[in-house]
Structures are given as C-alpha cells and as structure tokens.
K.L.:
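What follows is a structure written as structure tokens; I'll ask about it next.
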Amino acid sequence: MSTRTAFARKIATLDLSHAERAIAFLWYYRQTQEFDERTASELANDLHDDGFPKPQVSKLHSALMRSRFTNKGRREKTFQVDLRKLQKLDEKYGGFLDAKKVDVSDSVIPNEWVSGTRVYLEKMVHQINGSFDAGFYDGCAILCRRLMESLLIEIYISQKRHDEIQDGRTFHRLEKIINYASSDKALTLGRNTPKTMIEVKQLGDTAAHDRVYITHETDITLIRARLRKMIQELLHAAGIT
C-alpha cells in the first residue's frame, strides 16, 4: 500500500482542483483506514504537507459541501466519501495504491452484508472469504473469531455502553464479553446464538493456539450456517445493517 506522500505524487500528475485533490485524499484515507472523516481545514493542511498549494479553507469547505462525491461526517464540519460514488473513485485512483486486488466469493459470509459500512469490516469479510477460497482454513477461523469479537464490541459502543465490557480503557477478554452479552436482557439475540459464539471462539482459539491441529474445511462448513445467522444478528444489533 502506497504512503500518502507517494499517493500525492501520483495524483499531482492529474489536472485536479483543490476540492478534487481533497476528495482523493478522503478516498485514500478510507482505503487505508487512517481516518474515517476529515474537515476542510484538516484536508487543507494535509494537502499542503504533501507539497500542494494550501487551499483557502472556507472555499474548500463550500466546494466539498457542493460535491457529489462527499457526505457530511459524524463530527461537526467533517466530510466522508459518498459510498454511491466509491466505485468511480476506485476506478480513478485504485491503480495509484500498488495494492493487489483479489476477487473472492461469498463462501463464508456475504460481502454485501458489510459493503458500504465500516472499511475494516469490508476488509475482514473479504479476507475471511478469500482465506476459505484459497484453502487457508486456520486463517479463516481466526478471522471469523476476530469479526465476531469486533461486532460484539461495536454493539456496546453503538449503545454507549462500552464501559460495561471494559476494565478502564481495555476491553474484556472475548470469553467474558460473550458471557456478558449472552445474559444481557437489553440485547435481542437468537436462542442458539450464545452457543454459536462459543463455537466460533473455540474454533478460532484452536486455529491460533493449538500446536499441532490444522483446521479443515469441514470445521468451518459445519458451523457456516450458524455463523452467518449470528453475524447477521450482531450486525443488526450494532446498527450496521
């Protein structure tokens, strides 16, 4: 993956306005997960840091407000890439990142479930399916465990209850989070979901820590239907889908 400075050098070869460069940076940040959103002031400084003339902030803000390629971010005065325009930006700038694109199937979890949500979720599901397609079943099992843990944490963050699963600033271990969520009457989970969460954790733990056991395709296919149902429930509970 190219650094921002390397990316800036490549877009410098294009005839772009200040706003178009700022949008290119927003796209870059989404791809690299460096930032979810930026203000016009932050983007102006970013562009200047990489050698572009510094735009006037008020004019840049107005241009980004008018642009078809941006939406308002969650923070005040911030901008994000409009997901409806993401494909066009991918086509325009994707070749500048030196990143290998691998097409994968929906072999474990449908990619569309997380498309346009969180970049890290998109990439995690992409890797889960890619690992399964390639026969890297240990990696697939570990990533399924990680996805489940991430979504459980997202649920409590979205409900502003994350302190309930933390010690100070550190989140509890996954086993404790599962036990807490399973008994949480404020969550509406399927009757068999707690059991599935334990299965997914055990499968991922074995893949990560067992010295001699190698995960097989059937280890994943046997729980795949229950895994999908659980992931769909967690995405809904987190307000992501």
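Hydrogens, waters and symmetry mates are skipped; everything else that's a heavy atom, side chains included, is used. This is a predicted model, so every value here is computed, not measured.
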K.L.:
Heavy-atom distance under 4.5 Å between the side chains of Asp210 and Val212, does that happen here?
P.N.:
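In contact.
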
K.L.:
State, without any angle test, whether Asp50 and Thr5 hold a side-chain donor-acceptor pair at a distance under 3.5 Å.
P.N.:
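Yes, side-chain donor-acceptor contact under 3.5 Å.
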
K.L.:
Looking only at heavy atoms, which two atoms of Ala63 and Ala19 are closest? And how far apart?
P.N.:
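The pair with the smallest heavy-atom distance is CB-CB, 3.7 Å.
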
K.L.:
With no hydrogens and no angle check, is any side-chain donor or acceptor of Asn111 less than 3.5 Å from a backbone partner on Glu122?
P.N.:
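No: the side chain of Asn111 does not pair with the backbone of Glu122.
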
K.L.:
How close do Leu86 and Arg30 get, counting heavy atoms only, and between which atoms?
P.N.:
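Of all heavy-atom pairs spanning Leu86 and Arg30, the closest is CD2-NH1, 3.4 Å.
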
K.L.:
Nearest heavy-atom pair of Phe52 and Ala8: which atoms, and what distance?
P.N.:
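So the two residues come closest at CZ-O, 3.4 Å.
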
K.L.:
Within a strict 4.5 Å, meaning less than it, do heavy atoms of the Leu26 and Phe69 side chains meet?
P.N.:
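No, too far: nothing below the 4.5 Å cut-off.
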
K.L.:
Any chain of hydrophobic side-chain contacts (each under 4.5 Å) joining Ile223 to Leu189?
P.N.:
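Looking at the clustering, Leu189 is in the same group as Ile223.
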
K.L.:
More than 12 heavy atoms of other residues, nucleotides or ligands under 6.0 Å from CD of Glu91: is that the case?
P.N.:
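It does: Glu91 CD has more than 12 such atoms within range.
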
K.L.:
Do other residues, nucleotides or ligands put more than 12 heavy atoms under 6.0 Å from the NE2 atom of His236?
P.N.:
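No - once you tally the heavy atoms of other residues, nucleotides and ligands closer than 6.0 Å, there are 12 at most.
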
K.L.:
So do the side chains of Phe79 and Asn71 get within less than 4.5 Å of each other, counting heavy atoms only?
P.N.:
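Of all side-chain heavy-atom pairs linking Asn71 with Phe79, none is under 4.5 Å.
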
K.L.:
Can you find a pair of side-chain heavy atoms, one from His18 and one from Pro53, that are under 4.5 Å apart?
P.N.:
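A side-chain contact exists here, since the closest heavy-atom pair is under 4.5 Å.
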
K.L.:
Would you compute the distance between atom CD1 of Ile155 and atom CD1 of Ile177 and round it to the nearest 0.5 angstrom?
P.N.:
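Those atoms lie 10.5 Å apart.
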
K.L.:
With a 4.5 Å limit on heavy-atom distance, are the side chains of Thr70 and Gln80 in contact?
P.N.:
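They are not in contact (no side-chain heavy atoms under 4.5 Å apart), so the answer is no.
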
K.L.:
Say you draw a straight line from OG1 of Thr206 to CD1 of Ile214; how long is it, rounded to the nearest 0.5 Å?
P.N.:
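Rounded to the nearest 0.5 Å, the OG1-CD1 separation comes to 11.5 Å.
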
K.L.:
Determine the minimum heavy-atom distance between Gly204 and Ile142, stating which atoms define it.
P.N.:
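In this case the closest contact between Gly204 and Ile142 is O-CG1, 3.8 Å.
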
K.L.:
Measure across Ser67 and Ile23 and return the closest heavy-atom pair with its distance rounded to 0.1 Å.
P.N.:
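Shortest heavy-atom separation between Ser67 and Ile23 comes out as OG-CD1, 3.3 Å.
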
K.L.:
If the threshold is 4.0 Å, N to carboxylate O, is there a salt bridge linking Lys195 and Glu199?
P.N.:
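Salt bridge absent between Lys195 and Glu199.
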
K.L.:
Tell me whether Lys10 at atom NZ has more than 12 heavy atoms from other residues, nucleotides or ligands lying less than 6.0 Å away.
P.N.:
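Count over threshold, so yes.
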
K.L.:
Could you check whether Gln166 and His162, counting side-chain N and O atoms only, form a donor-acceptor pair closer than 3.5 Å?
P.N.:
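Yes, because at least one side-chain N or O of His162 sits under 3.5 Å from a partner of the opposite role on Gln166.
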
K.L.:
Donor-acceptor check, side chain of Ser183 to backbone of Asn179, threshold 3.5 angstrom: yes or no?
P.N.:
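Checked: pair present.
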
K.L.:
Measure the acute angle between the ring planes of Tyr93 and Trp27, then classify it against the limits of 30° and 60° as parallel, tilted or perpendicular.
P.N.:
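Because their plane-to-plane angle lies in the 30° to 60° range, the rings of Tyr93 and Trp27 count as tilted.
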
K.L.:
Is Met148 linked to Ile128 within one hydrophobic cluster, defined over Ile, Leu, Val, Met, Phe, Trp and Tyr using a side-chain heavy-atom separation of less than 4.5 Å?
P.N.:
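Per the 4.5 Å side-chain linkage, Met148 and Ile128 are co-clustered.
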
K.L.:
Which residue is it: Val125, Leu151, Ile231? I am looking for the one with a side-chain contact (heavy atoms from CB on, under 4.5 Å) to Val114.
P.N.:
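Between Val114 and the candidates, side-chain contact (heavy atoms from CB on, under 4.5 Å) is satisfied uniquely by Val125.
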
K.L.:
Are Ile198 and Leu174 co-members of a hydrophobic cluster defined by side-chain heavy atoms under 4.5 Å apart?
P.N.:
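Leu174 and Ile198: one cluster.
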
K.L.:
Are more than 12 heavy atoms from other residues, nucleotides or ligands located less than 6.0 Å from atom CZ of Phe35?
P.N.:
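It does: Phe35 CZ has more than 12 such atoms within range.
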
K.L.:
If you round to the nearest 0.5 Å, how far is CD1 of Ile165 from CZ of Arg173?
P.N.:
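Going from the CZ atom of Arg173 to the CD1 atom of Ile165 covers 14.5 Å.
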
K.L.:
If you measure from the Lys or Arg side-chain nitrogens to the Asp or Glu carboxylate oxygens, is any gap between Glu37 and Lys72 under 4.0 Å?
P.N.:
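No.
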
K.L.:
Between Glu149 and Arg146 (salt bridge meaning N to carboxylate O under 4.0 Å), is one present in this structure?
P.N.:
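Salt bridge: no.
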
K.L.:
Any salt bridge between Glu42 and Arg75, counting N to O under 4.0 Å?
P.N.:
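Salt bridge flag = yes for Arg75 with Glu42.
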
K.L.:
Hey, mind stepping through Phe132 and Arg224 against side chain to side chain contact (heavy atoms under 4.5 Å, CB included) and telling me if it holds?
P.N.:
CA-CA 11 Å; Phe132 186 89; Arg224 179 165 51 190; 3.8 Å; yes

K.L.:
OG of Ser62 to CE of Met65: how many Å apart, nearest 0.5 Å?
P.N.:
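Rounded to the nearest 0.5 Å, the OG-CE separation comes out at 8.0 Å.
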
K.L.:
Which heavy-atom pair separates Val108 from Cys140 by the least distance, and what is that distance?
P.N.:
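Scanning both residues, the minimum pair turns out to be CG2-SG, 4.0 Å.
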
K.L.:
Between the side chains of Asp46 and Arg4, is the shortest nitrogen-to-carboxylate-oxygen separation below 4.0 Å, so that they form an ion pair?
P.N.:
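Salt bridge flag = yes for Asp46 with Arg4.
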
K.L.:
So, the side chain of Glu217 versus the backbone of Tyr137: is there a donor-acceptor pair under 3.5 Å, distance only?
P.N.:
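A pair under 3.5 Å: no.
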
K.L.:
So, do Leu97 and Gln31 sit near enough that their side-chain heavy atoms are less than 4.5 Å apart?
P.N.:
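Yes, close enough: below the 4.5 Å cut-off.
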
K.L.:
Would you say Asp133 and Ser107 are linked by a side-chain donor-acceptor pair, where the criterion is simply a distance under 3.5 Å?
P.N.:
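Yes - a donor-acceptor pair under 3.5 Å links their side chains.
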
K.L.:
Mark yes when over 12 heavy atoms from residues, nucleotides or ligands other than Glu34 sit less than 6.0 Å from its CD; otherwise mark no.
P.N.:
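Enclosed.
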
K.L.:
Would Leu143 and Val119 show up in the same hydrophobic cluster when neighbours are defined by side-chain heavy atoms closer than 4.5 Å?
P.N.:
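No; tracing contacts between hydrophobic side chains, which count when under 4.5 Å, never links both residues.
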
K.L.:
Do NZ/NE/NH1/NH2 and the carboxylate oxygens of Arg74 and Asp36 come within less than 4.0 Å?
P.N.:
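Yes, this pair counts.
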
K.L.:
CG/Leu64 to CG/Leu43 distance, rounded to the nearest 0.5 angstrom?
P.N.:
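CG of Leu43 is found 6.5 Å from CG of Leu64.
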
K.L.:
Do the rings of Tyr28 and Phe25 sit parallel, tilted or perpendicular, given the 30° and 60° boundaries?
P.N.:
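If you compare the ring of Tyr28 with that of Phe25, the planes turn out tilted.
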
K.L.:
For Ile178, is there any backbone N or O sitting under 3.5 Å from a side-chain donor or acceptor partner on His172?
P.N.:
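No; zero donor-acceptor contacts below 3.5 Å.
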
K.L.:
Does one hydrophobic cluster hold both Leu227 and Ile240, with members joined at side-chain heavy-atom distances below 4.5 Å?
P.N.:
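The answer is yes; both residues are in one hydrophobic cluster.
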
K.L.:
Cation-pi check for Tyr120 against Arg118: NZ or CZ below 6.0 Å from the six-membered ring centre and within 45 degrees of the axis, yes or no?
P.N.:
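No, Arg118 does not sit over the ring of Tyr120.
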
K.L.:
Would you say that Arg145 contacts Leu203 through its side chain, given a criterion of any heavy-atom pair below 4.5 Å between the two side chains?
P.N.:
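No, too far: nothing below the 4.5 Å cut-off.
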
K.L.:
For the atom pair CG (Leu187) and OH (Tyr180), what is the distance rounded to the nearest 0.5 Å?
P.N.:
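If I round to the nearest 0.5 Å, the distance is 9.0 Å.
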
K.L.:
Is any side-chain heavy atom of Asn45 less than 4.5 Å from a side-chain heavy atom of Lys54?
P.N.:
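They are in contact (side-chain heavy atoms under 4.5 Å apart), so the answer is yes.
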
K.L.:
Hey, mind stepping through Glu164 and Arg161 against salt bridge (charged side-chain N to carboxylate O under 4.0 Å, His left out) and telling me if it holds?
P.N.:
CA-CA 6 Å; Glu164 298 175 22; Arg161 299 171 56 204; 2.9 Å; yes

